[in-house]
Participant: 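I'd like to ask you about the structure that follows.
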Amino acid sequence: MSPIVLTEPTVTVAVELPERCDRCGADGKVRTFMPGGGDLTFCGHHANRYASTIRTSANHVVIETGFGWRTR
Ligand SMILES: [Zn+2]
């Protein structure tokens, strides 16, 4: 039994994200929630850099309105 979950995260849109990027402190554009309960916020630059990691590790992603993050 290997409970490997490869589902795409649920994506929702928020009017604004008050959080800041956990990597560089810029305005957060994408907030990711991990199955274990933690969450990380990324600016546009870092959301794109870590897009593949976010897609495979997060179970819920909140994207700020107007930010055209590619989720695929
Ligand atoms: Zn950043």
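When reading the values below, keep in mind they use all heavy atoms of this one structure, side chains included, and skip hydrogens, waters and symmetry mates. First listed ligand is number 1; within each ligand, the first listed atom is number 1.
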Participant: Strictly by salt bridge (Lys or Arg N to Asp or Glu O under 4.0 Å), give each pair with a member in residues 44-53 just once, sequence neighbours left out.
Facilitator: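 Every pair satisfying salt bridge (Lys or Arg N to Asp or Glu O under 4.0 Å) with a residue in residues 44-53: there are none.
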Participant: Quick check: is Val13 connected to Leu17 through a chain of hydrophobic side chains (ILVMFWY, heavy atoms under 4.5 Å apart)?
Facilitator: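 No: no chain of side-chain contacts under 4.5 Å links Leu17 to Val13.
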Participant: Please report the C-alpha distance between Val62 and Phe33 in whole Å, then the side-chain angles of each, then the deciding distance to 0.1 Å, and finally whether the side-chain contact (heavy atoms from CB on, under 4.5 Å) criterion is met.
Facilitator: CA-CA 8 Å; Val62 179; Phe33 294 86; 3.8 Å; yes
Participant: Could you pull out all residues at least two apart from Asp39 that satisfy side chain to side chain donor-acceptor pair (under 3.5 Å)?
Facilitator: Arg31
Participant: Hey, are the side chains of Arg23 and Cys43 touching, using non-hydrogen atoms and a 4.5 Å cut-off?
Facilitator: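 No, side chains not in contact.
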Participant: Could you list the residues that satisfy side chain to side chain contact (heavy atoms under 4.5 Å, CB included) with Arg20, not counting sequence neighbours?
Facilitator: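 Testing Arg20 for side chain to side chain contact (heavy atoms under 4.5 Å, CB included), a comparison that skips the adjacent residues, returns Asp27.
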Participant: Around the Zn ion (ligand 1), what protein N, O or S atoms are found below 2.8 Å?
Facilitator: Cys21 SG, Cys24 SG, Cys43 SG, His46 ND1
